[in-house]
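Down below is the structure, laid out as structure tokens.
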Amino acid sequence: MRTMIRSGRAVLLVLAAGLLLAACGQDETPQQQAAGGQERPPRSVEVMEMARQDIPLDKSYPSLLRSDDEVTLVARVIGFLEERHFEPGQLVEAGQRLYTIEPDLYQAAASQREADLQSARAELSRAQRDASRFEQLLSQNSVSRQQYDQARTELGVAQANVAQAEAALASANIDLGYAEVTAPVAGMIGLSQVNVGNLVSAGTELATITPLDPLEVRFQLPQRDAFELRRQLDDQPLSEVGASLQTPALEGNGVGNLQGNLTFLGSRVDQGTSTVQASATFDNPEAQVLPGQFVRVRLEGMKRFDVLAVPEIAVTQGLMGPQVFVLDEDNVARSRTVALGEVAGPWQIIREGLEPGDRVVVGDPAGIEPGAPIDPQPFGGDAGEIVDAVDEAEADAREGDQAAAAAAMGEAPAPSEGEADQ
């Protein structure tokens, strides 16, 4: 974008200069023409010596929000829906009661199973006494061995009946618990699918609960970003990698972006997309963001390690492609075609064309041509500051160029009525 702006500025300058020369070239004196041929003084501009460095990245990744913990409530018992204890769209807590399905019916069944258990236990107590008595009588040869074995068998049956009654009671209590439908997770509950008074059966869908706080966001990292991030994780744990959630729903309302942390980074590359799965968790206490929205996830602190980079403003478009101006031993600008990598904020990463130790013009390159003498000035290292300064200067220059071009061309006077008739 900045290269296009600089190209437009050059067109305006050429147009204005051509019109001015056409208008007043006849009046130029020989002395002025001679003065125009003098060697220009060196131009003062910032120059940096190339060295490998770690460059922070400013990248974001698209994602479609979804809630992996979303739960669809279903009835587990048969009965009439007697009560609904919530309003659709309400935030509910885990364990909160939501529906009541004919609990009296299942309470009666549980009471019946409790009575059956008491009866089985009483029969077990009798069988235990008989077995003990027959064991004593057997030792006195008062009963036969067959009678003793019969008593032991009845004791075993009584014990089995108690275990069966206990299982039946536990099953009845489970059904009784299912008569009260509670929230398994916290979140926002949707519309009820069944009205009060309707008969429901096991498997009937009742409502959906969508957890909103915290909100888990899954996204895909290009494999190179994932590799560089793993390299960064050698010095810090995964949970300390900050993330921000950018969504149109938060723009312009003064809320700002949601802040969170990276919680997962995959260990394999998807062969179809050459990406690595990642996820981050964000606090969303006021339900500002809802599942189904398209968002962008920005990871904080990501870097490209041991790369060569120049301020983005230093790169221009030459005949052979992207280029920068490099100083030779005599401080003369020489164009150097380069292969561009990623843009990292105000920095442009250079993949090929430069070597450590090269001196590169990083100030405003407008007006610099190969062979131009340069008075190198030290570069402070703040690429953002120099880019902002050049952008501001270009904006002022564009306004001046447009005014100069308009003054040079002038406005053609409207023809008079007589001239129009002719």
Side-chain angles (χ1 to χ4, degrees), residues 68-87 90 92-187 189-211:
D68 294 329
D69 296 329
E70 186 174 83
V71 175
T72 299
L73 299 174
V74 296
R76 303 289 297 273
V77 293
I78 300 174
F80 288 97
L81 189 64
E82 292 188 356
E83 293 184 78
R84 188 189 73 193
H85 305 282
F86 68 91
E87 293 297 328
Q90 174 184 345
V92 298
E93 299 295 332
Q96 180 177 336
R97 187 174 59 166
L98 302 176
Y99 291 99
T100 299
I101 304 175
E102 208 167 356
D104 294 342
L105 176 65
Y106 295 97
Q107 181 61 62
S111 298
Q112 178 65 45
R113 297 297 178 265
E114 176 68 28
D116 293 343
L117 177 59
Q118 295 299 328
S119 177
R121 286 174 175 171
E123 183 63 23
L124 174 61
S125 178
R126 183 198 62 79
Q128 286 174 338
R129 290 194 301 270
D130 288 348
S132 297
R133 185 167 57 252
F134 271 84
E135 183 177 5
Q136 184 178 5
L137 292 173
L138 179 64
S139 64
Q140 299 172 357
N141 293 322
S142 299
V143 294
S144 66
R145 184 72 184 183
Q146 182 180 4
Q147 290 175 313
Y148 172 74
D149 291 342
Q150 181 65 29
R152 295 296 302 177
T153 301
E154 291 178 358
L155 175 61
V157 171
Q159 291 173 337
N161 289 337
V162 169
Q164 184 177 9
E166 289 175 344
L169 177 60
S171 178
N173 286 329
I174 290 175
D175 289 343
L176 178 61
Y178 288 153
E180 297 288 347
V181 181
T182 59
V185 295
I189 192 167
L191 293 172
S192 180
Q193 303 297 316
V194 181
N195 294 328
V196 172
N198 286 343
L199 178 67
V200 299
S201 58
T204 301
E205 294 188 3
L206 303 176
T208 299
I209 301 177
T210 304

Quick one: does [X]'s side chain get under 4.5 Å of [Y]'s, heavy atoms only?
X      : Y      : value
Val77  : Leu105 : no
Leu73  : Pro184 : yes
Ile174 : Tyr106 : no
Val74  : Glu205 : yes
Asp116 : Leu169 : no
Arg113 : Ser171 : no

Looking at [atom1] of [X] and [atom2] of [Y], how far apart are the two atoms once the value is rounded to the nearest 0.5 Å?
X      : Y      : atom1 : atom2 : value
Leu206 : Ile101 : CG    : CD1   : 5.5 Å
Thr72  : Gln193 : OG1   : CD    : 9.0 Å
Ile189 : Thr208 : CD1   : OG1   : 8.0 Å
Glu83  : Leu81  : CD    : CG    : 9.0 Å
Glu93  : Thr182 : CD    : OG1   : 13.0 Å
Gln107 : Asn173 : CD    : CG    : 8.0 Å

Establish, from distance only, whether the side-chain atoms of Glu114 and Gln118 form a donor-acceptor pair under 3.5 Å.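 Result is yes, a qualifying pair exists.
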
What heavy-atom pair brings [X] and [Y] nearest, and what distance separates the two atoms?
X      : Y      : answer
Ala202 : Arg76  : CB-O, 3.9 Å
Ser192 : Phe86  : CB-CZ, 4.2 Å
Gln96  : Val92  : OE1-CA, 3.4 Å
Ala75  : Val200 : CB-CG2, 4.1 Å
Thr100 : His85  : OG1-NE2, 2.8 Å
Pro103 : Ala179 : CA-CB, 3.9 Å

Give a yes or no answer on whether the side chain of Glu123 reaches the backbone of Ala158 with a donor-acceptor pair at less than 3.5 Å.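 No, Glu123 side chain to Ala158 backbone: no donor-acceptor pair under 3.5 Å.
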
Are the side chain of Thr204 and the backbone of Ser201 linked by a donor-acceptor contact shorter than 3.5 Å?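 Yes: the side chain of Thr204 pairs with the backbone of Ser201.
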
Among pairs that include at least one residue of residues 141-151, which meet salt bridge (charged side-chain N to carboxylate O under 4.0 Å, His left out), considering only residues two or more places apart or in two chains?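 The answer is Arg145-Asp149.
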
Quick one: which residue pairs count as a side chain to side chain donor-acceptor pair (under 3.5 Å) with a foot in residues 155-164, not counting sequence neighbours?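 Residue pairs with at least one partner in residues 155-164: there are none.
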
Report, as yes or no, whether the 6.0 Å neighbourhood of atom CD on Gln146 holds more than 12 heavy atoms from other residues, nucleotides or ligands.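 Incorrect, the count does not exceed 12.
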
Kindly determine whether Leu155 and Leu124 satisfy side chain to side chain contact (heavy atoms under 4.5 Å, CB included), including the steps that lead there. CA-CA 6 Å; Leu155 175 61; Leu124 174 61; 3.7 Å; yes

Scan the side chains in residues 127-137 for donor-acceptor partners under 3.5 Å anywhere in the protein, sequence neighbours excluded, and list what turns up.
residue : atom : partner : partner atom : Å
Arg129  : NH1  : Ser125  : OG           : 2.9
Asp130  : OD1  : Arg133  : NH2          : 2.5
Asp130  : OD2  : Arg126  : NH1          : 2.6
Ser132  : OG   : Gln128  : O            : 3.0

